Amino acid sequence: MADAAALLLALQFADSAFPAGGFAFSWGLEGLVADGLVTDADDVADVVAQQLTLRWQSMDRVLLVRAHAANDAATQVAVDRLAEAVTFSAPMRAGSRRAGRALLGVCARLGLPAATAYQALAADDARLGHLAVVQGIVYRAAGMTCPMAELVSGWSLISGFSSAAVRLGVIGHVEALRITTALRAALADLLAAPARPAELPASFTPLADIAVMRNHRRDLRMFAT
Amino acid sequence: MSAVSTRPAARVGIGGPVGSGKTALVERLIPALMRRGVDLAVITNDLVTAEDAERVRRSGLIDPARVAAVEAGACPHTVIREDPTLNIEAAAALERQFPGVELILLESGGDNLASTFSRDLTDFWMFVIDVAGGDDIPRKRGPGVIRSDLLVVNKVDLAPYVGVDLPRMLAEARAVRGGRPVLTTNCRTGEGVDAIVQQLEREVLFRQ
């Protein structure tokens, strides 16, 4: 077992109650529900599995690992520029930056010097602050190893989606538990193989991406994305 | 460098149940504060639409760019209390965009009596109830009624039509709040709004 201090650190940051604004993002799920493309627990499980394998694994995880390894501001900024470049829809970019900046803000208030330093950079450049990049920076600053940071990031995605699905009324709490249990195993499988930071980050989740773009213009919505 | 531009803006929360008149109060506070030369911005936490933000933006009372909307993900409590980070970031962004802003009004989404604002988010917060919601609201001692810095009882003109004994309701409100401020308004006419502004000037802007 990893030592208790490291596990507790991961639990704290992976907790859905960690105050970084994550509850306000559905990353396309709200739009998919509104368009009738997600109607039940199987649909939710499919969407989250796709997000995990076709987005998180191939894009967010790569960005996070690169940001975690970055030893200077210029490298951190370069990873952030890459995140901006590979996120093709504007509302998705805006959402990623809002979520990242919320995490950055609370970690700066917590007194993590790396968070304070990067927040100062982001204050002068509206295109900085993507979530996966900020996760890499602040998780490292908080003391997480890179594998633990990857685990926390992946789990946050799974728990965030299932929680949003409950609030959207598509699934109940027991179905949410079944989905997170199944995807916990899927995430463990992904984490069993090392990340591939040398690869170009890329995603292929077109339905969710389009849903985020459509949702942005919808009058009735509860989530930021 | 002016003193104003370096001082963070005061954050004032406005919470309360659905339909109690929070947006109407914001619409009254904006011109009243502006008349006193207060440099203002507004954040709304709409629940399912941007209706409140749009209503304030289109009111003609304030530069629409000074009105930000923060989504609550169906969690109106969370976004002002357990996890106010998105509101904190929105307020910081308004301060960066409008140097010299002195006061940011944060309007919560319509909620219930358990709604309270984080002290990390706001310097002062008021809770708005209305007489048509029932004169038993103060007696129910919800955290919003008890713990707010200022309790506002709105729609006082409706009291006779909904069978509310207003003096008794106010007496009970003051009793459950231990004598802390309770003010009455009729936001349709603007009655009582000046007293709130004076309270903000004294308690938040330190002008008196």
Side-chain angles (χ1 to χ4, degrees), chain A residues 15-27 29-31 33-34 91 94-95 97-110 115-116 119-120 122-126 129 131 134 138 160-161 163-170 212 215-225, chain B residues 5-6 8-9 11 18 43-55 57-58 65 68-99 101 104 106 108-111 115-123:
Chain A
D15 192 337
S16 63
F18 190 88
F23 66 93
F25 298 85
S26 86
W27 306 112
L29 191 63
E30 181 175 38
V33 172
R97 288 188 305 251
R98 272 183 81 189
R101 282 166 177 259
L103 176 60
L104 196 56
V106 77
C107 288
R109 284 178 185 84
L110 205 53
T116 310
Q119 189 185 41
D124 292 329
D125 189 332
L131 179 60
V134 172
V138 302
F161 265 99
S163 167
V166 171
R167 280 175 281 142
L168 286 164
V170 189
V212 170
N215 211 40
H216 183 63
R217 296 181 180 281
R218 222 180 280 274
D219 285 337
L220 290 173
R221 65 184 171 94
M222 301 188 294
F223 290 85
T225 55
Chain B
S5 67
T6 56
R11 274 78 161 156
V18 178
I43 297 172
T44 69
N45 292 174
D46 283 309
L47 284 188
V48 290
T49 67
E51 187 166 328
D52 287 347
E54 283 304 315
R55 180 170 151 188
R57 283 181 187 133
R58 290 175 183 159
V70 169
E71 301 84 349
C75 300
H77 279 24
T78 309
V79 77
I80 62 168
R81 188 174 57 204
E82 289 89 342
D83 183 355
T85 49
L86 293 175
N87 276 319
I88 288 172
E89 290 304 314
L94 285 167
E95 276 180 332
R96 279 196 299 272
Q97 196 177 350
F98 300 103
V101 63
I104 300 175
L106 287 122
S108 165
D111 207 330
S115 168
T116 56
F117 278 87
S118 163
R119 289 291 175 193
D120 290 331
L121 175 63
T122 56
D123 302 294

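Naming convention: chains lettered A, B, ... in sequence-line order (proteins, then strands); numbering from 1 in each chain. A quick note: this is a predicted structure, and the numbers were derived from the prediction, not measured.
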Output side-chain donor-acceptor pairs under 3.5 Å for residues 16-27 of chain A, partner residues at least two apart or in another chain, one line each.
residue	atom	partner	partner atom	Å
Ser26(A)	OG	Leu29(A)	N	3.4
Ser26(A)	OG	Glu30(A)	N	2.9
Ser26(A)	OG	Thr225(A)	O	2.8

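Counting only distance, with no hydrogens or angles, the side chain of Arg98(A) and the backbone of Leu86(B) share no donor-acceptor pair below 3.5 Å.
Of the listed residues Gly109(B), Ala74(B), Ala90(B), the one with more heavy-atom pairs under 4.5 angstrom with chain A than any other is Ala74(B).
The CD atom of Glu89(B) sits 6.0 Å away from the CD atom of Gln119(A) when rounded to the nearest 0.5 Å. Here the straight-line distance linking atom CD1 of Ile88(B) with atom CZ of Arg109(A) works out to 5.0 Å at 0.5 Å rounding.
Heavy atoms closer than 4.5 Å to chain A are found in the backbone of Glu82(B), but not in its side chain. Both the backbone and the side chain of Ala123(A) come within contact range of chain B, with heavy atoms under 4.5 Å apart.
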